[in-house]
Amino acid sequence: MEALLDRAASVLSAAKRVVVLTGAGISAESGIRTFRDTMEGLWKEFDPQTLATPQAFAADPALVSRWYDHRRIGCLHAEPNPGHAALAQLQQTLLGRGGSFTLVTQNVDRLHQRAGSTGVLELHGNIHIWRCTRTGREMPLPPEPLTEFPIRSPLDPAGLLRPGVVWFGETLPAETLLAAEEAASAAGALLTIGTSAVVYPAAGLIDLAAAAGATTIEINPTTTAASSRVDVVLIAKAGLVLPELLRRMTR
Ligand code: OAD
């Protein structure tokens, strides 16, 4: 582990352009449930087809809105953990050295931003801003749990508010995806953290970066679909290993 940590730290220090891709695992130590972990993964308990598709919302908007509102409040009550904080510091460190840094996340919780990361590319949207199904206009929700579901849109009597997340079967926000792909294609190093790397196009960023010559590093307590094709595999929790990586880069 020591040698792998040193290697990862020197790769990240040497790269002019660093891209980080995060998934649910980076927020696990903040108490937010992942999707596919054997015990606590959300998709082990709930069926995404009845909760996370446009068809599910059309069939039962009250159920879907209630579920997302419950998760939204969970995200508001969670605090960023040392992994989020280390990534925000990594951004400052690399920018301070004249490099470039792009954080791409699949997470909708906004914990990266609350930890101080800036310019975060949210591939799957976020759970705090909802939008009117009729006008498409976005609006934040109040910090308290909502009580009536589905949520009527204040903008159009025939509209409902839906969470600003990307559901299965929906396309990712085009500009965000393009920016992420451009960053990955130009990266000298790509660090993938806390993602099972089975959902595309997000997981494809790892291959884009590798094809462009980037050194790839993975941080995860277990091996994933990407482990066999990355250069450095750090089997560890993000909240433990990221601060250690940063220490080695800045000492
Ligand atoms: P998954 O639940 O598929 O994977 C979470 C990963 O985090 C697993 O590989 C875990 O081993 C790892 N993990 C758990 N605890 C960790 C820790 N402390 N430190 C580091 N890693 C840890 O979540 P994602 O890969 O993010 O999409 O899932 C991708 C997408 O699928 C999500 O964005 C969501 C979901 O359906 C949408 O909702 C559109």
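Numbering of ligands and ligand atoms starts at 1, following listing order.
By the 30° and 60° cut-offs, the orientation of the rings of Phe57 relative to Trp167 is tilted. Under the 30°/60° scheme for interplanar angles, the aromatic rings of Phe35 and Trp43 are found to be tilted.
When the heavy atoms of Gly23, Ser196, Ala238 are ranked by distance to atom 4 (O) of ligand 1, first place goes to Ser196. Considering His124, Arg36, Gln106, Glu122 only, the shortest heavy-atom separation from atom 28 (O) of ligand 1 involves Arg36.
Under a 3.5 Å cut-off, the side chain of Ser27 and the backbone N or O of Ser30 do not form any donor-acceptor pair.
Looking only at protein heavy atoms, the nearest one to atom 30 (C) of ligand 1 is Val199 CG2, 3.7 Å.
Each of Ile217, Ile219, Leu191 was compared with Val232 under the side chain to side chain contact (heavy atoms under 4.5 Å, CB included) criterion, and only Ile217 meets it.
For residues 147-164, the set of pairs meeting the side-chain hydrogen bond (donor to acceptor under 3.5 Å, both in side chains) definition, not counting sequence neighbours, comprises Arg162-Glu170. The side-chain hydrogen bond (donor to acceptor under 3.5 Å, both in side chains) pairs that include a residue from residues 188-197 are Gln106-Thr195, where partners are two or more places apart or lie in different chains.
Heavy-atom proximity to Thr222, at under 4.0 Å, picks out these atoms of ligand 1: 11 (O). Residue Asp37 approaches ligand 1 through these ligand atoms, each under 4.0 Å from one of its heavy atoms: 10 (C), 11 (O), 14 (C). Near Gly194, meaning under 4.0 Å from one of its heavy atoms, ligand 1 places the atoms 5 (C), 6 (C), 7 (O), 20 (C), 21 (N).
Not a single heavy atom of Val165 sits closer than 4.0 Å to an atom of ligand 1. Ligand 1 lies nowhere less than 4.0 angstrom from a heavy atom belonging to Gly41.
Contacts between Lys237 and ligand 1 below 4.0 angstrom, taking non-hydrogen atoms only, involve backbone and side chain alike. Residue Trp167 does not touch ligand 1, judged by heavy-atom distances below 4.0 Å.
At a threshold of 4.5 Å between non-hydrogen side-chain atoms, the residues Pro154 and Met139 count as touching.
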